[in-house]
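Everything on this sheet refers to the single structure shown next.
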There are 2 protein chains.
Amino acid sequence: MSAGIRHDDLRRRNRAMVISAVRRAGQPSRTEIAATTGLSHSTISAISSDLIGEGILSESKANEAISLKRGRPQVGLALNPEAAAVLTVVLSLNFLSVAVIDYAGQVIAEEQRRLDTLTMPRDELIGECTAIVRRRLEDPDLDVQSIARIALAIQGITDSHARAMLWSPITPLTNIAFADILEGEFGIPATMENDCNMMAVALRWRDPDRYRDDFIAILLSHGIGMGLVLKGELFTGTHSSGGEFGHMIHRPGGALCRCGRRGCVEAYAGNYAIWRNAKQMGEDAEPVADVSDADMRALAARAREADGPEREAYRKAGEALGFGLGSLFALIDPAPVAMVGVSAGAFDLIEPALREAIAQTAGGQHSGSISFDTEPNELPLIREGCAMQALSFVDQEIFAPGTQIRAGSKKSVA
Amino acid sequence: MSAGIRHDDLRRRNRAMVISAVRRAGQPSRTEIAATTGLSHSTISAISSDLIGEGILSESKANEAISLKRGRPQVGLALNPEAAAVLTVVLSLNFLSVAVIDYAGQVIAEEQRRLDTLTMPRDELIGECTAIVRRRLEDPDLDVQSIARIALAIQGITDSHARAMLWSPITPLTNIAFADILEGEFGIPATMENDCNMMAVALRWRDPDRYRDDFIAILLSHGIGMGLVLKGELFTGTHSSGGEFGHMIHRPGGALCRCGRRGCVEAYAGNYAIWRNAKQMGEDAEPVADVSDADMRALAARAREADGPEREAYRKAGEALGFGLGSLFALIDPAPVAMVGVSAGAFDLIEPALREAIAQTAGGQHSGSISFDTEPNELPLIREGCAMQALSFVDQEIFAPGTQIRAGSKKSVA
DNA sequence: CTCTATTTTTTCGAGCCTCGAAAAAATACT
DNA sequence: AGTATTTTTTCGAGGCTCGAAAAAATAGAG
């Protein structure tokens, strides 16, 4: 249970503070770091000199803009791009992509591939993933030793220990321990992340002012997913990645959902549901396997043109999302929302009904003050979140003396 | 933002560990504390000798049962009951109760009072609260100086800073900053807590095995409330006490809820809703102000006797709770549930429909493994939770050197 | 071009804190 | 009475952070 703080934990934690301050701030001077961490200048000086000696940080002749000031100019501290690297794998419907990212967060290599995830047998799916990773690792330009971590993101439910995919809409297969598989194959620590959680992580890095301590990222795609940050931390369920917003019950016994149950939010707001309603196929119609983004955009265009079943379909989606968000807000209070995915591009069609629905719920009091951002393209967000998640892990490993540091660096000698 | 750890924080935190280890374990020996905290024997020895010197802990000639062992017998450490005391105030529908609790957690005085909260004007309600507290503080048997904290719990929504009641079903009044009022009046730090959150706190102290890191306490009373513990911490909303499970939407546009909206879980499962359905008054009927516990018990008895509208009313309540829990489980995954309040005594009537509903939701996969506890009497739980919450605050104040310690104790001199 | 003011960074000794090992204390068993 | 065993305290060593002072590096003034 509650662990006491050992004396040597102190340095560990404060190293952590310094590294994360540098990652957040870009090129802060030692003085700035001292200010944000609350530690003394002497401490920051000692720690950063250690980190530079270990090749984790490097001095960069800093902000020329501010060098107009008097005194001794600040020396910016930056992450040394060569200190380590991470590899991200994003597995989504019929699509697999990997990227290699250096310690400073820059993409240094990538590869993408189409594949038929829905019909692929287990071995083949796993094989494709390991193969694409292996190809990247065998790249002669890459120092394999520097790859410190792999983060794999997938649509669907992952376990709360970030080891396995439990269930995913992109494949009928279940319980694939991707993290263990990749670790076993390549001997590099790996984690298995939920795509929407990675979206949330990315949003926070992109716009820390708007997405700080509490916010919601909702994926409006074939299915409905959610990434939730509460009190500054990624929210996960007790056993799984949790936050299955799409499968909150909107109408008990209602429309047939892809998950086999009835009345889920997704059964009204997922692409297949909007499609089904627009085509007036009835709520019991079996969900179609996939609707292309182009088809969805065409559907939205038609809905904008005339008040027909297409517009009504988007209205129903908005209503379901609104009541769902209302129930969510009853639990966590309102927070900024980012709508991501192809249907976020049709948010103009969704928003009126959504706001009307929210107004009828507990969140309704603040209905006006709730603001929505839209971002139609989810893949870059997911990849970015994966990268930052993996890099944060590496940061932690680096200041944990117990762990072998894989970067080609030697300890400074006092 | 992220604060570094100063050198003097170390002692503070480790003192915290020791105190909370003692509060949890009852009368642990120094060796046991060392084991649970992971700190060395020397450190525990130093800290506990400080704490004893300051009058916070005391040695108690420990477990005679274990003194059969060889070696030097363990000396149990106990909280010194006189180190401080706290005062709890529980304000519920037409009922106000206070208790004074010593540092070891024993009730040393209490007082209860009926009052008409629904019609009472603002000044009077506040006046009643301050008056009952003043009476306790003026008790000649009590050392006023020792009262280190006041915790006030109320049914309804409180703000996330534990300062004010925002809204409550027990009064039409809103936005009463009880914590500030009591602090101003008596000069004793006070907090304003949500009743269901305090239930959850109490459950954890009562049965730490069952209610550890993740669990749900649901109040089935006139209204429906929830206290939620996730990852070992009390879950609150971003702005308010949050966790308004009762106002998640069960059926959009459905039955009229006491909150003025439609289709909330509470509009089917609150006492007034069960009453309304049992009396076949229609879902639009204005909720009655109060139903006595005796009436509810009579209703449950009739429902058990024959399959009439009463039984159907409980079935609907179960359905609403089941779908609500199902949606909640979609977000947080299933967790142990405690049903508290008068209708928890009728859980046999509620459970079948509840389980059936859950089975139709995302939580359904684990439907069988979800276990429910029942506790018909909420008041003792709330009071107990309040006491532990207040005592935990005092624990924190005691190891924070910045704070003036109000207990009559002097620092040990080295 | 030199000197001064200013700001950043490093150095150094002081003061704490935790730890491990050893000693001391307190009991049961023989 | 002596020995084994377990708990608790003592003590010196090693680390860490801090504040103050020194050193470093620049802009502006004369």
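The chains referred to below are lettered A, B, ... by the order of the sequence lines, with proteins before strands, and numbering in each begins at 1.
A close approach under 4.0 Å does occur between a side-chain nitrogen or oxygen of B:Arg30 and OP1 or OP2 of D:dT9. Under 4.0 angstrom from either OP1 or OP2 of D:dC16 there lies no side-chain N or O belonging to A:Asn14. Contact between the side-chain N/O atoms of A:Thr43 and the OP1/OP2 oxygens of D:dC16 is not found at any separation under 4.0 Å.
The side-chain contact (heavy atoms from CB on, under 4.5 Å) test with A:Leu77 singles out one residue from A:Gln27, A:Arg30, A:Glu32, and that residue is A:Arg30. Exactly one of B:Arg12, B:Arg23, B:Arg15 qualifies for a salt bridge (Lys or Arg N to Asp or Glu O under 4.0 Å) with B:Asp395. That residue is B:Arg23.
Contact annotation for B:Ser42: base contact, defined as any heavy-atom pair under 4.0 Å involving a base atom. Nucleic acid contact for A:Asp8: none, since no nucleic acid atom lies under 4.0 Å from a heavy atom of the residue.
Listed candidates were C:dC16, D:dT8, C:dT9. Nearest to the side chain of B:His41 is D:dT8.
Going from atom CZ of A:Arg12 over to atom C1' of C:dT18 covers 15 Å, rounded to whole Å. Distance B:Arg15 CZ to C:dT18 C1': 16 Å, rounded to the nearest Å. Regarding A:Arg70, its CZ atom lies at a distance of 10 Å from the P atom of D:dA27, rounded to whole Å. Atom CZ of A:Arg6 is separated from atom P of D:dT17 by 16 Å (rounded to the nearest Å). Here D:dT7 presents its P atom at 9 Å from CD of B:Glu32, a figure rounded to the nearest Å. In this structure, the CD atom of B:Gln74 is 16 Å from the C1' atom of D:dT9, given to the nearest Å. As a whole-Å value, the separation of B:Arg11 CZ from C:dT18 C1' is 9 Å. Residue A:Glu59 contributes atom CD, which lies 15 Å from atom P of C:dT8 at whole-angstrom precision.
Between B:Arg72 and B:Ile44, the residue anchored closer to the 5' end of DNA chain D is B:Arg72, taking for each the nucleotide with the nearest heavy atom.
A cation-pi geometry, defined here as NZ or CZ lying under 6.0 Å from the six-membered ring centre and within 45° of its normal, holds between B:Arg149 and B:Phe393.
The shortest non-hydrogen separation linking A:Ile56 to A:Ala83 is CA-CB, 4.0 Å.
Checked against the 6.0 Å centroid threshold, B:His161 and B:His239 do not count as a close aromatic pair.
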